[in-house]
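To start, the structure itself, in structure tokens.
If you're wondering where the values come from, they're calculated on a predicted model, not measured in any experiment.
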Amino acid sequence: MNDGRAIAERDRLRRQRTLTTPEGIVLHFTLAQRSARIGALLIDFLLLGAGMLAVTLALAYVAGGVFNLLGQARSAAPLGRAVQFLFIAWMGMMFVLRNGWFLFFELGPRGATPGKRALGIRIAARPVEGAPAGRLTAEMVLARNLLRDIELFLPISFLLAARNGGDMGTAGLMAAGWFLIIALLPWFNRDALRAGDIVAGTWVVEAPRRQLYAVLTTPPMPAAAPAPYRFSEAELAIYGEYELQTLEALLREGRAAALAAVCARICERIGRDPPEADDRAFLQAYYTQLRARLESGMRLGRRKADKHTAT
């Protein structure tokens, strides 16, 4: 039992990474396990398949009504056009579902599909060539998901076509090799990156629900001295738990340059002039009042994960 826990702890330490934000704040992440990523993908495919089946059945129901209506007219031309229209509509909906599922959820504030959320993982921007990591962008999400067609769906379609034809041939063998290389790629790099992650500059990290809650369950940081700063509800409503966690890490590190940069950014965001002297006192007061607001909201069942989440 102890050996199992030791192995799990060593694996977790091996997957730990740090990155520096543009403000100079050091954050710690744990890369998602490969098994969790595979499980999340399977969950998403099951949900996506259920959605496709529901759309297919709905269109089949509509088609039945149209066929009954046009069949009474005893004319083949309108019936043929109706069949073509419904087939095109079905193809369009399948395309939107297949490509839109991952884009819709990963472009959201949580950066995670239902499958990823179920297993406590999400996508995040990673530092590239020593540069600080920024926020996850729409371009990153688009790139990593468009590559999925080349990684999975294209070779799978070749394999299915070869199998149906009864002859694997050169194209089938090449598709099988391509599929195996792409599928095994996460096992041949230390960050478990698939091709879409490499191109987009992303990685998949652990994001358990307790991670966001932890910042609100630890004792508040003691204020150095009473500060003459009071913030309105509108000024505090801009940020959420992620920013509170980041601000706490910044205050614990206490680096003057980072404090000044973050203070200026918050003042710009809330529409205030920067403080004349003590950036730390300003940030400490904002942290204390933001924490109190978020704790009050949680008691009422309201959560604000980050600044991108609607209040």
Side-chain angles (χ1 to χ4, degrees), residues 37-119 121-123 136-166 171-172 174-176 178-179 182-183 185 194-202 204 308-310:
R37 297 185 61 173
I38 294 173
L41 186 63
L42 292 177
I43 292 173
D44 284 321
F45 279 168
L46 287 174
L47 295 175
L48 183 57
M52 289 180 170
L53 178 61
V55 170
T56 301
L57 293 177
L59 283 177
Y61 178 79
V62 173
V66 172
F67 293 164
N68 289 334
L69 180 63
L70 295 179
Q72 297 176 0
R74 296 181 180 179
S75 176
L79 187 60
R81 288 193 293 268
V83 171
Q84 292 178 356
F85 174 80
L86 289 172
F87 179 74
I88 292 173
W90 180 82
M91 291 289 292
M93 289 182 180
M94 294 301 103
F95 177 82
V96 170
L97 278 173
R98 181 169 64 84
N99 291 278
W101 177 271
F102 295 93
L103 293 177
F104 175 79
F105 288 108
E106 292 183 353
L107 283 172
R110 300 193 181 192
T113 59
K116 289 185 175 66
R117 288 177 58 185
L119 295 181
I121 61 177
R122 62 163 293 159
I123 61 172
L136 189 67
T137 64
E139 290 79 7
M140 293 178 179
V141 177
L142 286 169
R144 76 185 306 274
N145 283 290
L146 290 177
L147 260 293
R148 186 176 286 106
D149 280 350
I150 300 176
E151 292 176 284
L152 294 179
F153 296 120
L154 188 61
I156 287 176
S157 64
F158 283 154
L159 288 173
L160 291 177
R163 180 182 178 184
N164 292 334
M174 290 179 62
W178 174 257
F179 180 78
I182 292 298
L185 184 61
R194 65 175 182 85
D197 292 316
I198 295 173
V199 172
T202 59
V204 182
H308 302 287
T309 306

Between atom [atom1] of [X] and atom [atom2] of [Y], what is the distance when rounded to the nearest 0.5 Å?
X      : Y      : atom1 : atom2 : answer
Leu119 : Ile38  : CG    : CD1   : 11.5 Å
Leu103 : Leu146 : CG    : CG    : 6.5 Å
Arg117 : Ile43  : CZ    : CD1   : 12.5 Å
Leu48  : Met94  : CG    : CE    : 8.5 Å
Arg98  : Phe45  : CZ    : CZ    : 9.5 Å

(message) For Phe102 and Leu41: C-alpha separation, side-chain torsions, deciding distance, then whether side-chain contact (heavy atoms from CB on, under 4.5 Å) applies.
(response) CA-CA 10 Å; Phe102 295 93; Leu41 186 63; 4.0 Å; yes

Which atoms form the tightest heavy-atom contact between [X] and [Y], and what is the distance?
X      : Y      : value
Ile123 : Glu106 : CD1-OE1, 3.6 Å
Ile121 : Ala40  : CD1-CB, 4.0 Å
Met93  : Val55  : SD-CG1, 3.4 Å

(message) Closer than 3.5 angstrom, by distance alone: can the side chain of Arg144 be matched with the main-chain N or O of Arg194 as a donor-acceptor pair?
(response) no

(request) Starting from the C-alpha separation in whole Å, work towards a yes-or-no answer on side-chain contact (heavy atoms from CB on, under 4.5 Å) for Asn145 and Asn99. (result) CA-CA 8 Å; Asn145 283 290; Asn99 291 278; over 6 Å; no

(message) side-chain contact (heavy atoms from CB on, under 4.5 Å), that's the test. Do Leu47 and Thr113 meet it? Break it down for me.
(response) CA-CA 10 Å; Leu47 295 175; Thr113 59; over 6 Å; no

(request) Evaluate side-chain contact (heavy atoms from CB on, under 4.5 Å) for Asp44 paired with Phe105, printing each intermediate quantity in order. (result) CA-CA 11 Å; Asp44 284 321; Phe105 288 108; over 6 Å; no

